[in-house]
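Since the structure comes first, as structure tokens, the remarks are kept for the end.
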Amino acid sequence: MDVIQDFVQDLLGMQWSDYLDIALVAYLIFRLMPLLRSRNVMRIARTVVLLVLVTWVTGLMKLYTLNWILTQFLTIGLLAFVVLFQPELRRMLDHLADMKLSNLLGGRKSVHEMDKVITQTVMACEAMSRQRVGALIVFSREHRLDEYFKTGTEVDAIVSEQLLRNLFFTKAALHDGAVIIQDGRVAAAGCVLPLSTSPMLSADLGTRHRASVGISEVSDGVAVVVSEETGTISVAVGGMLKRHLAPQTLEKLLHYELCPRNEELQRTNPAAKALKKISRKKEEDGYAKK
């Protein structure tokens, strides 16, 4: 009871700057949380949290020798920790450095722009699926994928069905690599991505599918794969691979992953729904006149 009273007194004694400080720190933590979506980064976080908890518990249980060893390990073992997890830490810092200020503050592409990008991508995947043309398209989100541009060729072009199909044309120079879509544009093509080593993946999956899962493990990107052998469409998100998707399902999934806030706004805002229906009606009328 005394603890609660002390807490309430401390809370009432805080100044407005203290509340602002807490709010800003909480918001920054919320915006930086996507950095922990990667499996490798989660390994680091779990290791640190586990060591801190065990050290705290041994202190409460008065296990002095074990507590002293763990304390020394946390103090001196920081260098070894950095060496062991150097690739993961470097990648996490790269992602943090590459994050745009607009992304940190919550800026995103408008739903209309993303609608066009998703529509063109789905049309291209549907056509390549029919023709058994292999493809690997990665959508960058909070984590920018600039480090993988060096392995391919920078394009910086508007996303269109024709461009995507030409990039993955069998005799095209860049058809073997991945296309990265960033900030609503085709940023690079022919990129080499890390392959997943997860034992959960099926043995019949090829390099494209393992690369799609691999990039989704080290970033929050969304990877779309079209199988060259079967023509099936798959999507990798957060280290998980969703296979045998229909074009309509692919479109819904991309909308959900790439613009979830805008989708939520449309579901709850009647005006937004009406505007979208009017826009679609005008497009249908325009196509009919042509």
Side-chain angles (χ1 to χ4, degrees), residues 34-35 37-41 87-88 90-100 103 109 114 117-118 120-125 127-129 133-198 201 205-229 233-242 250 254 257-258:
L35 289 175
R37 291 179 181 175
S38 167
R39 282 187 176 182
N40 294 329
V41 177
E88 288 82 3
R90 181 184 61 80
R91 189 177 294 114
M92 184 175 65
L93 291 175
D94 287 342
H95 288 157
L96 182 60
D98 290 336
M99 285 180 66
K100 287 186 174 181
N103 289 337
K109 285 284 182 180
M114 286 309 302
V117 172
I118 292 173
Q120 294 297 316
T121 302
V122 172
M123 291 170 61
C125 290
M128 290 186 290
S129 175
V133 175
L136 175 54
I137 305 171
V138 182
F139 289 89
S140 170
R141 291 196 282 186
E142 300 289 345
H143 296 174
R144 297 179 65 81
L145 304 176
D146 295 348
E147 59 185 295
Y148 299 104
F149 289 5
K150 302 174 184 178
T151 64
T153 302
E154 293 194 27
V155 179
D156 190 23
I158 297 174
V159 179
S160 68
E161 175 193 0
Q162 293 78 9
L163 175 60
L164 293 175
R165 293 178 62 183
N166 285 334
L167 288 174
F168 289 111
F169 179 64
T170 307
K171 296 183 180 180
L174 303 176
H175 79 281
D176 278 334
V179 165
I180 297 178
I181 297 179
Q182 190 162 267
D183 299 328
R185 296 175 65 85
V186 177
C191 300
V192 179
L193 305 180
L195 300 181
S196 174
T197 58
S198 173
L201 294 178
L205 293 178
T207 304
R208 281 195 179 92
H209 290 82
R210 293 187 177 276
S212 68
V213 178
I215 194 64
S216 70
E217 289 176 343
V218 300
S219 74
D220 65 345
V222 178
V224 181
V225 190
V226 179
S227 173
E228 186 175 357
E229 290 76 17
I233 302 175
S234 307
V235 173
V237 183
M240 301 296 293
L241 185 65
K242 303 175 182 179
L250 173 64
L254 291 180
E257 294 292 343
L258 300 177

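Computed from a predicted model, the values in this text were never measured in an experiment.
- Using a 4.5 Å cut-off on side-chain heavy atoms (C-beta onward), L163 and I158 make no contact.
- Interatomic distance, M123 CE to R165 CZ, rounded to the nearest 0.5 Å: 9.0 Å.
- Nearest heavy-atom pair, S198 versus E217, reported as atom, atom and distance to 0.1 Å: CB-OE2, 3.9 Å.
- Between the side chain of H175 and the backbone N or O of T170 there is at least one donor-acceptor pair closer than 3.5 Å.
- Within the 4.5 Å cutoff, the side chain of R185 has heavy atoms near those of the D156 side chain.
- In this structure S234 satisfies the side-chain hydrogen bond (donor to acceptor under 3.5 Å, both in side chains) test with no other residue, sequence neighbours excluded.
- Distance alone, capped at 3.5 Å, is enough to place a donor-acceptor pair between the Q182 side chain and the L145 backbone.
- In this structure, L201 CG and S212 OG are separated by 8.0 Å, a value rounded to the nearest 0.5 Å.
- A donor-acceptor pair under 3.5 Å is absent between the side-chain atoms of S196 and the main chain of G214, judged by distance alone.
- In this structure, R141 contributes its side chain and D220 its backbone to a donor-acceptor pair below 3.5 Å.
- Side-chain contact between V235 and V225 is absent, with no heavy atoms from C-beta onward closer than 4.5 Å.
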Going through the checks in order, is the side chain to side chain contact (heavy atoms under 4.5 Å, CB included) test met by V224 and L254? CA-CA 9 Å; V224 181; L254 291 180; 3.9 Å; yes
Using side chain to side chain contact (heavy atoms under 4.5 Å, CB included), reason through V237 and K242 one step at a time and then give a plain yes or no. CA-CA 8 Å; V237 183; K242 303 175 182 179; 5.5 Å; no
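- Annotation: the span from R208 atom CZ to L193 atom CG amounts to 11.5 Å, rounded to 0.5 Å.
- Side-chain contact between T121 and L164: present, with at least one pair of heavy atoms (C-beta onward) separated by less than 4.5 Å.
- Looking at S216, its side chain does come within 3.5 Å of a backbone N or O of V213 through a donor-acceptor pair.
- Checking side-chain atoms of S129 against main-chain N and O of C125 turns up no donor-acceptor pair under 3.5 Å.
- Counting all heavy atoms, side chain and backbone alike, C191 lies closest to A188 at SG-CB, 3.6 Å.
- Of the inter-residue distances, the one linking I118 atom CD1 with L258 atom CG reads 5.0 Å to the nearest 0.5 angstrom.
- In this structure, the separation between CZ on R210 and CG on L195 is 8.0 Å, given to the nearest 0.5 Å.
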Y148 vs V138, test: side chain to side chain contact (heavy atoms under 4.5 Å, CB included). Steps then yes/no. CA-CA 11 Å; Y148 299 104; V138 182; over 6 Å; no
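- Considering only heavy atoms from C-beta on, V226 stays 4.5 Å or farther from F168 through its side chain.
- Between D176 atom CG and T207 atom OG1 the span is 9.5 Å, to the nearest 0.5 Å.
- The side-chain heavy atoms of I181 and V159, taken from C-beta on, include a pair separated by under 4.5 Å.
- The side-chain heavy atoms of L174 and T153, taken from C-beta on, include a pair separated by under 4.5 Å.
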Trace of the side chain to side chain contact (heavy atoms under 4.5 Å, CB included) decision for L136 with V179: CA-CA 6 Å; L136 175 54; V179 165; over 6 Å; no
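- Between H209 and S227 there is a side-chain heavy-atom pair separated by less than 4.5 Å.
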